[in-house]
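Before any comments, here is the structure.
Order of the sequence lines fixes the chain letters, A, B, ..., with proteins taken first and strands second; residue numbering starts at 1 for each chain.
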Amino acid sequence: MRKLALLACATLLLAGLATGDTYALWSQEYAISARSVGHGQVGFAVSGSHQETEIDAARDAADLVFISADEELHHEAGSTDAETCFGFTVSARADGNAGLNYEISLTETFLDTDDPVFAGASIRVARDLDGDGVGDNPWFNLTSGSPSTGAQTAVAARKAEQSAQHDWVACVTAHPEEEEYQNTATVTVHTDSGQVLSASDSWNAKFRSVTGPRLDLLQLSHEVFHS
Amino acid sequence: MGMRNHPGFIAAALATTLAAGATFALLSDSATSGAEAIKAGNLLLTRCTDSWMELSADADGVSAASPQSPADFLYQPGDALDFDYCIRGTAQGDNLAVVLDIEWDEVGDADDTFTLYTDQGDGTVSAADVPIAGGPVGTDVRVTEFEDQRLAATWGDEQRNIHWLLRIHRESAFDPAELDYEDAESPDVPGFTVRMGQTRVPVSGYTGTEVAR
């Protein structure tokens with residue numbers, strides 16, 4: 001029995017040597033498990049009371065998001081010479097980064113539009129900091145000569161999940177061209193004597209076109225900065 | 001003349017003793033030797049506290065390394081991190097050679113590299129620590145014969161403490177195109193197995209990075 005055991009040990013040793021394996025007389029080991037690492041997420045979106053889709057979210061860092069005029073806004077702005085105001089909200093997150101800046105601009109389609117309501121219109125925007133209205137917050141007047149607000153810092157924190165929502169107010173002043181038409185009414189009367197009497201009167205009337213297609217008014221770009 | 005002195009009597013007694021098979025010492029002496037204790041050597045592998053540091057600038061622009069907690073750190077492109085794992089070995093004995101194996105569970109993220117240092121014992125990498133192996137995470141490493149060639153030449157009865165430090169470095173440049181707008185996850189830092197053993201057979205046929213010191 002002892003000879004058999006010795007033979008088995010020798011065989012195992014020789015087999016190990018022949019295959020080039022390390023022959024450890026003693027060893028100890030421990031395992032380190034994989035370590036998960038938190039991951040930051042970036043997001044940028046706008047939602048407004050006067051656009052067809054509730055939320056327009058950016059798909060990447062180069063994606064613009066838009067505030068558009070729906071039919072209701074078109075009608076409201078076209079019906080008055082006063083400002084038509086509405087609210088919109090910017091939602092941003094930049095987890096793990098130093099911050100995110102965004103900028104509000106007039107769209108090219110708005111600047112170039114021949115829409116009877118919005119052609120030549122101006123827009124101004126201001127932050128609603130506490131939900132109670134603009135108050136003393138500064139207004140940014142957006143015109144063809146100055147179409148952007150400048151950067152607004154949305155998120156300035158790091159190493160944690162961090163998101164921010166900014167409420168804004170936008171006011172549109174439309175000066176729709178009033179189209180004029182002349183209406184003439186004519187009355188012709190045949191008398192018993194065979195006389196024909198005719199009278200006519202004309203008057204002028206003005207009207208506004210207050211319906212139109214959806215139009216992108218504002219676009220928002222954003223930029224994430226890391227340090 | 002007595003019977004005992006008779007030559008015939010002596011011969012008869014000797015013959016009787018030989019026939020019985022007994023040893024007959026003409027002269028005998030004895031000495032007792034004490035038992036020799038053979039002291040066993042020792043190899044011991046232990047863990048110590050792991051840590052990780054952020055190297056990239058924080059939001060305030062300060063770039064000094066700062067310790068981070070895995071629970072609330074959120075990795076983004078532009079970050080640089082060091083994950084330090086300290087390894088402690090104890091070795092004592094003659095004719096003792098040690099082999100240290102680092103075997104990764106899987107290949108790491110493309111941004112991950114590692115360096116294995118000898119550590120002075122403080123658990124962090126300092127200028128006095130010597131990098132002895134490194135490469136992309138996922139490359140197995142085997143280190144043999146530390147210190148002066150064969151450990152047996154220098155270790156002897158003295159117990160030696162061996163300190164290693166495995167540092168995994170993750171770093172990527174900030175690129176807006178790499179920002180994640182989906183709810184994705186950062187790749188895990190892969191796990192690995194640390195094995196320390198005694199060896200007498202030259203290492204061969206090993207496919208990882210092999211370092212002989």
For A:V37 and B:R170, work out which heavy atoms get closest and say how close. CG2-NH1, 3.7 Å
Knowing that exactly one of B:T193, B:T46, B:I87 qualifies, which makes a side-chain contact (heavy atoms from CB on, under 4.5 Å) with A:Y30? B:I87
Part of B:P176 within contact of chain A (heavy atom distance under 4.5 Å): both
Min side-chain heavy-atom separation B:D79-A:H226 under 4.5 Å: yes
Which heavy atom of A:G38 sits nearest to which heavy atom of B:S186, and what is that distance? O-OG, 3.6 Å
Out of curiosity, A:R35 CZ to B:I168 CD1, how far, rounded to the nearest 0.5 Å? 8.0 Å
When rounded to the nearest 0.5 angstrom, what is the spacing between CD1 in B:I102 and CD1 in A:I32? 9.0 Å
About how many Å separate CD of A:E29 and CG of B:L45, when rounded to the nearest 0.5 Å? 9.0 Å
Residue B:D105 versus chain A: region with a heavy atom under 4.5 Å: side chain
Could you look at B:F192 and say if it's the side chain, the backbone, both or neither that has a heavy atom under 4.5 Å from chain A? both
In terms of heavy-atom proximity below 4.5 Å to chain A, should B:R47 be classed as side chain, backbone, both, or neither? both
Separation of B:L179 CG from A:D95 CG (nearest 0.5 Å): 11.0 Å
For the residue pair A:H222 and B:Y181, does the interplanar ring angle fall in the parallel (under 30°), tilted (30 to 60°) or perpendicular (over 60°) class? perpendicular
Side chains of A:V42 and B:Q76, heavy atoms from C-beta outward: is any pair under 4.5 Å? yes
